[in-house]
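Below you'll find the structure, written out as structure tokens, and then a few comments.
The figures here come from the full heavy-atom set of this structure, side chains too, leaving out hydrogens, waters and symmetry mates. Whatever order the structure lists them in is the order used to number ligands and atoms, beginning at 1.
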Amino acid sequence: MEDQRDAQNLGISEGVNHLILSTSSTCNCVVSFPKMSSDYKGLYSPSILLSFVMDDMMKLLLLHGMSYLTGKAIVLMGVSGAGKSTIGEMLGRAVHGRFLDADDYHSESNKEKMKNGIPLSEEDRVPWLEALRNTLRRGLVDNETLVLACSALQKRYREILRSADPNYEPGSYASIVKFVLLDVGAEVLAARLVKRAAEGKHFMPATLLQTQLELLQIDEAEGILKVDATMDPDSILKTIRTFVV
Ligand SMILES: Nc1ncnc2c1ncn2[C@@H]1O[C@H](COP(=O)(O)OP(=O)(O)O)[C@@H](O)[C@H]1O
Ligand SMILES: O=C(O)[C@H](O)[C@@H](O)[C@H](O)[C@H](O)COP(=O)(O)O
């Protein structure tokens, strides 16, 4: 970290919503200003910034209501039986992160509905997704690495999760919450779900698969990594790690 105070090596560029502070070799830091008024821009000149060691500088920026985050969140998404929980647990361990299973955040009434083969409504899903978003946000602010297994079938549901990033601008898809779609065809899914239900391991019946497949919708612009999740779990994990973490 010795060259952090070296004016030659400290590059400061001003983006629309953030300053990027970068040194030649040791440190890159993006300082975001979620609701920064334009009066703030340019307030901190390079010479002022250089008068602080990095730690003190961060405290100063925080004092002015700005935030910086180094946490990250990966959401494994897809329909029931795609392997979100299986792969999510493995990924969580592999990246030394915290694994969260969205199924654990359902209300009893949601679970009861699904058990009875009734698909969740928008009103059932939104509070569930908001609770997940809040949990992700707390983790991100604490600089944790989080892996979430969550169906997140529709873009509007993913937008709720993306907004766990306090600096997220809706519709930009530029969030520190990233999505990976576990892609499996209907036949393989059905076989997996019948087996899982027979083992009594899950509240979700195989009959809900069709409505889930109908709901799944991805927009190319979202930049979601699609992984063939019919591969064996180790290969799926390896592919995700190559591209995401
Ligand atoms: N890559 C895989 N290959 C074979 N079976 C898998 C694979 N991933 C998951 N499974 C099995 O399929 C079933 C559904 O997996 P699960 O992780 O519960 O999916 P989801 O959380 O997406 O509903 C489980 O019985 C699990 O053991
Ligand atoms: O593991 C599974 O079988 C699924 O993930 C399942 O739990 C379900 O998808 C959601 O929890 C319900 O939410 P949606 O109806 O939004 O998929």
Side-chain angles (χ1 to χ4, degrees), residues 74-94 98-133 135-136 146-162 164 177 179-218 222 224-244:
I74 315 290
V75 183
L76 298 184
M77 58 164 291
V79 298
S80 194
K84 304 180 294 293
S85 307
T86 306
I87 308 299
E89 268 186 44
M90 293 168 71
L91 182 62
R93 271 197 304 274
R98 179 153 66 105
F99 171 63
L100 306 169
D101 199 322
D103 285 340
D104 299 336
Y105 289 75
H106 276 303
S107 62
E108 281 309 313
S109 63
N110 277 6
K111 283 191 207 166
E112 204 50 39
K113 251 182 135 170
M114 289 189 274
K115 247 184 235 165
N116 292 318
I118 305 167
L120 297 181
S121 66
E122 200 76 5
E123 291 71 35
D124 298 323
R125 286 193 184 105
V126 170
W128 168 61
L129 291 162
E130 286 176 348
L132 288 166
R133 176 203 55 204
T135 303
L136 287 181
L146 301 142
V147 176
L148 169 67
C150 178
S151 45
L153 300 176
Q154 296 260 303
K155 188 160 53 169
R156 62 184 178 279
Y157 305 153
R158 293 187 290 277
E159 282 292 89
I160 295 175
L161 297 177
R162 284 187 183 106
V177 180
F179 289 83
V180 175
L181 170 67
L182 299 181
D183 189 34
V184 181
E187 265 182 41
V188 175
L189 289 166
R192 285 186 188 175
L193 290 182
V194 167
K195 184 169 169 273
R196 189 176 72 175
E199 290 166 352
K201 283 189 180 159
H202 205 276
F203 54 79
M204 191 85 171
T207 49
L208 280 180
L209 179 59
Q210 191 50 39
T211 55
Q212 293 228 319
L213 287 168
E214 283 160 16
L215 268 182
L216 178 64
Q217 170 234 4
I218 300 286
E222 291 179 82
I224 293 173
L225 174 70
K226 194 166 156 179
V227 175
D228 174 4
T230 59
M231 298 188 291
D232 65 277
D234 285 331
S235 304
I236 298 170
L237 185 67
K238 204 170 158 201
T239 308
I240 295 172
R241 295 210 64 190
T242 306
F243 291 101
V244 187

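A 6.0 Å sphere centred on CD of Glu187 holds no more than 12 heavy atoms belonging to other residues, nucleotides or ligands.
Atom numbering of ligand 2 starts at 1 in the shown order; those under 4.0 Å from a heavy atom of His106 are 10 (C), 11 (O), 12 (C). Counting the atoms of ligand 2 from 1 in the order shown, those under 4.0 Å from a heavy atom of Leu153 are 17 (O). Per-residue contacts place Ser151 under 4.0 angstrom from the following atoms of ligand 2 (heavy atoms of the residue considered): 9 (O), 10 (C), 13 (O), 14 (P), 16 (O), 17 (O). Interface of Leu120 with ligand 2, defined as ligand atoms under 4.0 Å from a residue heavy atom, comprises 12 (C), 13 (O). Atoms of ligand 2 lying under 4.0 Å from at least one heavy atom of Arg125, given by number and element, are 14 (P), 15 (O), 16 (O).
Side-chain atoms of Asp101 never come within 3.5 Å of backbone atoms of Asp104 as a donor-acceptor pair (strictly under, hydrogens ignored). Asp124 places a side-chain N or O within donor-acceptor distance of the main-chain N or O of Ser121, the cut-off being under 3.5 Å. In this structure a side-chain-to-backbone donor-acceptor pair under 3.5 Å is missing from Lys226 to Val180.
Contact detail for Val184 and Leu189: the closest heavy-atom pair is O-CD1, 3.3 Å. For the pair Phe99 and Ser85, the tightest heavy-atom approach, listed with the atom from each and the gap, is CZ-O, 3.9 Å. Considering every non-hydrogen atom in both Arg241 and Ala94, the closest pair reads NH1-O, 3.5 Å. When every heavy atom of Leu129 is checked against every heavy atom of Leu161, the shortest pair comes out as O-CD2, 3.9 Å. Taking each heavy atom of Ile224 and Phe179 in turn, the nearest pair found is CG2-O, 3.6 Å.
In terms of protein heavy-atom proximity, atom 9 (O) of ligand 2 is closest to Gln212 NE2, 2.9 Å.
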For this session: Before giving the answer on salt bridge (Lys or Arg N to Asp or Glu O under 4.0 Å), spell out for Lys155 and Glu159 the whole-Å C-alpha distance, their side-chain angles and the decisive distance to 0.1 Å.
Result: CA-CA 6 Å; Lys155 188 160 53 169; Glu159 282 292 89; over 6 Å; no
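Any N or O atom pair closer than 3.5 Å counts here, and Trp128 shares no such pair with ligand 2. An N or O contact shorter than 3.5 Å links Asp103 to ligand 2 by distance. Checking only distances, Ser80 does come within under 3.5 Å of ligand 2, N or O to N or O.
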Starting from the N and O atoms of ligand 1, find every protein N or O within less than 3.5 Å and list the pair with its distance.
{"unit_1": "ligand 1", "atom_1": "1 (N)", "unit_2": "Met231", "atom_2": "O", "d": "2.9"}
{"unit_1": "ligand 1", "atom_1": "3 (N)", "unit_2": "Arg192", "atom_2": "NH2", "d": "3.4"}
{"unit_1": "ligand 1", "atom_1": "17 (O)", "unit_2": "Ser85", "atom_2": "N", "d": "3.4"}
{"unit_1": "ligand 1", "atom_1": "17 (O)", "unit_2": "Thr86", "atom_2": "N", "d": "2.9"}
{"unit_1": "ligand 1", "atom_1": "17 (O)", "unit_2": "Thr86", "atom_2": "OG1", "d": "2.5"}
{"unit_1": "ligand 1", "atom_1": "18 (O)", "unit_2": "Arg196", "atom_2": "NH1", "d": "2.8"}
{"unit_1": "ligand 1", "atom_1": "19 (O)", "unit_2": "Gly83", "atom_2": "N", "d": "3.1"}
{"unit_1": "ligand 1", "atom_1": "21 (O)", "unit_2": "Ser85", "atom_2": "N", "d": "3.0"}
{"unit_1": "ligand 1", "atom_1": "21 (O)", "unit_2": "Ser85", "atom_2": "OG", "d": "2.8"}
{"unit_1": "ligand 1", "atom_1": "22 (O)", "unit_2": "Ala82", "atom_2": "N", "d": "3.3"}
{"unit_1": "ligand 1", "atom_1": "22 (O)", "unit_2": "Gly83", "atom_2": "N", "d": "3.0"}
{"unit_1": "ligand 1", "atom_1": "22 (O)", "unit_2": "Lys84", "atom_2": "N", "d": "2.9"}
{"unit_1": "ligand 1", "atom_1": "22 (O)", "unit_2": "Lys84", "atom_2": "NZ", "d": "2.8"}
{"unit_1": "ligand 1", "atom_1": "23 (O)", "unit_2": "Gly81", "atom_2": "N", "d": "2.8"}
{"unit_1": "ligand 1", "atom_1": "23 (O)", "unit_2": "Arg196", "atom_2": "NH1", "d": "2.9"}

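Rounded to the nearest 0.5 Å, atoms CE (Met77) and CG (Leu216) are 5.5 Å apart.
When Arg196, Met114, Lys84 are checked for heavy-atom proximity to atom 4 (C) of ligand 2, Lys84 turns out nearest.
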